[in-house]
Protein chains: 2
Amino acid sequence: METVQLSTKEIQLIAKALADPRRVEILKQIGEGCCDAGLPCSNIRSCQPVTAATLSHHMKELERAGLIEIAREGKFANLKLRRPTLQAYMDYLKAI
Amino acid sequence: METVQLSTKEIQLIAKALADPRRVEILKQIGEGCCDAGLPCSNIRSCQPVTAATLSHHMKELERAGLIEIAREGKFANLKLRRPTLQAYMDYLKAI
DNA sequence: ACATCAATTAGACACATATCGAAACGTCGA
DNA sequence: TCGACGTTTCGATATGTGTCTAATTGATGT
């Protein structure tokens, strides 16, 4: 696992991203089906009682925080969990 | 270090508590001066550009999340970091 | 070209919350 | 008892944000 050094701003983005329960659920879902290909966006939607618009918003936040990577392919968007970012945040918390 | 099992609700409270940068600063400050006695509230205030009212509010949130323990003694309030809670949250994140 | 479908954007709304000033509360020393 | 001091509570305000509907974009198959 590569090591990432996070700025205060990035820490803040991650903390905010993790503060919404729905986003955490989404993260978990992406983390479970963690094939390299990434999880299709609509796949997530079928498991979360939420509009496509809302889901899109959450994914943008997760991406902004560096917690996921969005690979757009044609009309699809495949999500991949960026574990190094999550790990770096845990390291930050450990240092408190 | 004792182990704590957190409910979904508690996880959410912790995540929200950690989502505010000022609260994280406060946590750090409490964590540093981590003598068993606890850090006096006014000590924190002298390092954070914030009103007593606001500080009180943040401490209530941190306590609600189980991240600190407030020992009131006379007119003073001594804060102590509850590391087991923080650890439990990190364990939760690790399981994502 | 057209219809369809996945995803995004725009705009609106409701609700949460970080912050403050002012007032109240409780403790302690004079 | 009185005043000072640390802390809390109250009420108000401004900002942030999760959610929706509707409209838009972009790709794909017929």
Side-chain angles (χ1 to χ4, degrees), chain A residues 8-30 33 35 37-81, chain B residues 8-30 33 35 37-81:
Chain A
T8 311
K9 194 71 194 168
E10 290 167 315
I11 290 289
Q12 210 180 116
L13 284 176
I14 296 170
K16 285 230 180 259
L18 292 174
D20 182 66
R22 171 139 297 132
R23 278 195 289 261
V24 176
E25 283 309 306
I26 294 173
L27 264 195
K28 278 192 197 171
Q29 209 168 326
I30 299 177
C35 37
L39 195 65
C41 189
S42 5
N43 195 321
I44 292 177
R45 217 202 135 186
S46 66
C47 297
Q48 297 278 336
V50 81
T51 311
T54 302
L55 187 54
S56 181
H57 161 68
H58 284 318
M59 293 197 311
K60 201 159 59 176
E61 289 302 300
L62 287 171
E63 187 187 30
R64 204 160 69 101
L67 284 168
I68 65 171
E69 198 182 319
I70 308 185
R72 294 180 176 83
E73 204 167 325
K75 56 177 174 175
F76 300 103
N78 294 321
L79 296 323
K80 258 177 67 180
L81 178 58
Chain B
T8 312
K9 194 73 194 166
E10 290 167 314
I11 289 289
Q12 210 180 119
L13 284 175
I14 296 169
K16 285 230 180 260
L18 292 175
D20 183 66
R22 171 139 296 133
R23 277 196 290 261
V24 176
E25 283 309 306
I26 293 173
L27 264 195
K28 278 191 198 173
Q29 208 168 324
I30 298 176
C35 38
L39 194 66
C41 189
S42 8
N43 194 322
I44 292 177
R45 216 202 137 187
S46 64
C47 298
Q48 297 278 338
V50 81
T51 311
T54 301
L55 187 54
S56 181
H57 161 68
H58 284 318
M59 293 197 311
K60 201 160 58 177
E61 291 301 301
L62 287 170
E63 187 186 30
R64 203 160 69 102
L67 283 168
I68 66 170
E69 199 183 318
I70 307 185
R72 294 181 175 80
E73 207 168 324
K75 57 179 172 174
F76 300 103
N78 293 321
L79 295 323
K80 258 177 69 180
L81 178 57

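Below, read A as the first sequence line, B as the second, and so on, with proteins coming before strands; counting in each chain starts at 1.
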dA7(C) OP1/OP2 closer than 4.0 Å to side-chain N/O of S42(A): yes
Between the protein and nucleotides 20-26 of chain C, list every N/O to N/O distance that falls short of 3.5 Å.
| residue | atom | partner | partner atom | Å |
| --- | --- | --- | --- | --- |
| dC20(C) | OP2 | T51(B) | N | 3.1 |
| dC20(C) | OP2 | T51(B) | OG1 | 2.8 |
| dC20(C) | OP2 | T54(B) | OG1 | 2.9 |
| dC20(C) | O5' | T51(B) | OG1 | 3.1 |

Would you give me the side-chain donor-acceptor pairs under 3.5 Å for residues 8-23 of chain B, sequence neighbours excluded?
| residue | atom | partner | partner atom | Å |
| --- | --- | --- | --- | --- |
| E10(B) | OE1 | S7(B) | N | 2.8 |
| E10(B) | OE1 | S7(B) | OG | 3.2 |
| D20(B) | OD2 | R22(B) | N | 3.3 |
| D20(B) | OD2 | R23(B) | N | 3.3 |
| R22(B) | NE | Q48(B) | OE1 | 3.4 |
| R23(B) | NE | A17(B) | O | 2.9 |
| R23(B) | NH1 | H58(B) | ND1 | 3.2 |
| R23(B) | NH2 | K16(B) | O | 3.2 |

Length of the line joining M59(A):CE and dT9(C):P, which is rounded to integer Å: 10 Å
Distance, rounded to the nearest Å, where E73(A) contributes CD and dG26(D) contributes P: 18 Å
Set of side chain to side chain contact (heavy atoms under 4.5 Å, CB included) partners for T51(A), sequence neighbours left out: A53(A), T54(A)
With R45(A) via side chain to side chain donor-acceptor pair (under 3.5 Å) - residues at least two apart: none
Interatomic distance where CG belongs to L79(A) and C1' belongs to dT8(C) [whole Å]: 14 Å
Residue H58(A), side-chain heavy atoms: nucleotide from dT8(D), dT19(D), dA7(C) that is nearest: dT19(D)
Pairs satisfying salt bridge (Lys or Arg N to Asp or Glu O under 4.0 Å), at least one member in residues 50-69 of chain B, at least two apart: E61(B)-R64(B)
Nucleotide nearest S56(A) (side chain, heavy atoms from C-beta), chosen from dT17(D), dT8(C), dT7(D): dT8(C)
Nearest-neighbour nucleotide for the A52(B) side chain, dT19(C), dT8(D), dT9(C) considered: dT8(D)
Distance below 4.0 Å between R72(A) side-chain N/O and dT8(C) OP1 or OP2: yes
Straight-line distance of I68(B) CD1 to L62(B) CG, nearest 0.5 Å: 5.0 Å
Smallest separation among heavy atoms of L79(B) and I70(B), with atom names: CD1-CG1, 3.7 Å
Distance, rounded to the nearest Å, where L55(B) contributes CG and dT9(D) contributes C1': 14 Å
DNA chain D contacts among residues 17-27 of chain B, heavy-atom distance under 4.0 Å: none
d(CD1, I70(A); C1', dT8(C)) in whole Å: 11 Å
N78(A) CG to dA27(D) P, straight-line distance once rounded to whole Å: 15 Å
Integer-rounded Å distance: dG18(D) P and H57(A) NE2: 5 Å
Atom pair distance, as rounded to whole Å: CZ in F76(B) and C1' in dT27(C): 9 Å
Q29(A) to N43(A) - nearest heavy-atom pair and separation: NE2-O, 3.8 Å
For the student: nearest non-hydrogen atoms of L67(B) and L81(B), plus distance: O-CD1, 3.4 Å
